[in-house]
Amino acid sequence: MIKAIAHPNIALAKYWGKRNEELNLPAVGSVSITLDALKTETEIQFIENEYDIIEFNGKLPAEDEQKKLSKFIDKFRQISGIDKKVELITNNNFPTSAGLASSASGFAALSKASSKLFGLEFSDRELSVLARQGSGSAARSLFGGFVEWHKGTLEDGSDSFAEQIADKSSLPLSIIIAVTSKESKKISSRIGMHNSSLTSPFYKAFVDTSPNDILEIKNAILEKDFMKLADFSMKSTVKMHAVMMTSNPPLFYWNHKTYEIIELVQDLYNNGENVFFTIDAGPQVKIVTTEGNAPQILNELKQINQIDEIYVCNLGNGAEIIEETH
Ligand code: 2P0
């Protein structure tokens, strides 16, 4: 039995749209931070059975989810030549499918655990290419700290992988996640980004301006320039949501609490505080600040009523094997 852990990541330069949907090849590169407190733990072992047995947060997942996971494990069966079924038990300590990157940590943990179980010695880059095929953002959750996922240009996707840009200690950050709704999203990222790429008049502008956002965000990280990081990260978030909202049908992931929190964070930022917001395919607001500054931001957040839940994270590590029994 192999047990692996992986953490969600949050993109600062956002990924939205694909150049190849089968291989999860993105239309743009992206830059992310990996979190510490939220986690997926995945156990996997060989079983003598006709099909894979999959348990997700103590339950049997829906049939299409099971199929997707078995199809992903098939890649490891094919490469290793070991045609055995597995029992897979996976647990998240945070809401699933609610814009908190559960597919990123899920497929990163599964990739890490499966490669070990099937005895495959992948390089970090090779494993990232595989994890990407489960869920694009999973390529990034294999690594800790600050991570870049390269868009790549090759048709086979072998140059579309993630790697660490800087260690978590190079610019220590705290991330406060304000959960404004625990409901699963109605439109998945996969479908949402497909529709956006076909219908939003702003999609091309998002894609065209992404390389500069990535460059500025990477420079800000390397120069340890928080305010520059804040500026370009918020620009990337707002551009992505403008694309979502101008898709047909429109994708409104925000709720009224999301707006209230944006306003609060913007006021703090405009007053020169080290703080910015970033939002993904859901209504939760991730508030990024310098490490140690979280108590002050939490105090400010008290002004806003009825936030469902608040998580406080620092930057975290990449996916790891945490247990192995023979
Ligand atoms: C990101 N998101 O860069 C963007 C921002 C959501 C908004 O990556 O279809 O679950 O599995 O590749 O990775 C969510 O999309 O989509 C995502 P697939 P994924 O973090």
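Counting convention: from 1, in listed order, for ligands and their atoms alike. Residues: numbered from 1 along the sequence shown.
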What pairs of donor and acceptor atoms, side-chain ones from residues 237-251 against any protein atom, are under 3.5 angstrom apart with sequence neighbours left out?
residue, atom, partner, partner atom, Å
T237, OG1, S233, O, 3.2
T237, OG1, T278, OG1, 3.1
K239, NZ, T209, OG1, 2.9
K239, NZ, D213, OD1, 3.4
K239, NZ, D213, OD2, 2.6
H241, ND1, W254, NE1, 2.9
H241, NE2, I279, O, 3.0
H241, NE2, D280, O, 3.4
T246, OG1, S200, OG, 2.8
T246, OG1, A242, O, 2.6
T246, OG1, V243, O, 3.2
S247, OG, S196, OG, 2.7
S247, OG, V243, O, 2.8
S247, OG, M244, O, 3.2

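The line from OH of Y15 to CG of N24 is 5.0 Å long, rounded to the nearest 0.5 Å.
Within 4.0 Å of ligand 1, the residues that place a heavy atom are A11, K14, Y15, W16, K18, N24, S103, S135, G136, S137, R140, S189, R190, M193, M240, D280, A281, listed by chain and number.
Counting only distance, with no hydrogens or angles, the side chain of T290 and the backbone of L173 share no donor-acceptor pair below 3.5 Å.
Between K68 and D64 no salt bridge is recorded (no basic side-chain N to carboxylate O distance below 4.0 Å). We find that E50 and K85 are not joined by a salt bridge, their nearest charged nitrogen and carboxylate oxygen being 4.0 Å or further apart.
The closest side-chain heavy-atom distance from K112 to L127 is below 4.5 Å.
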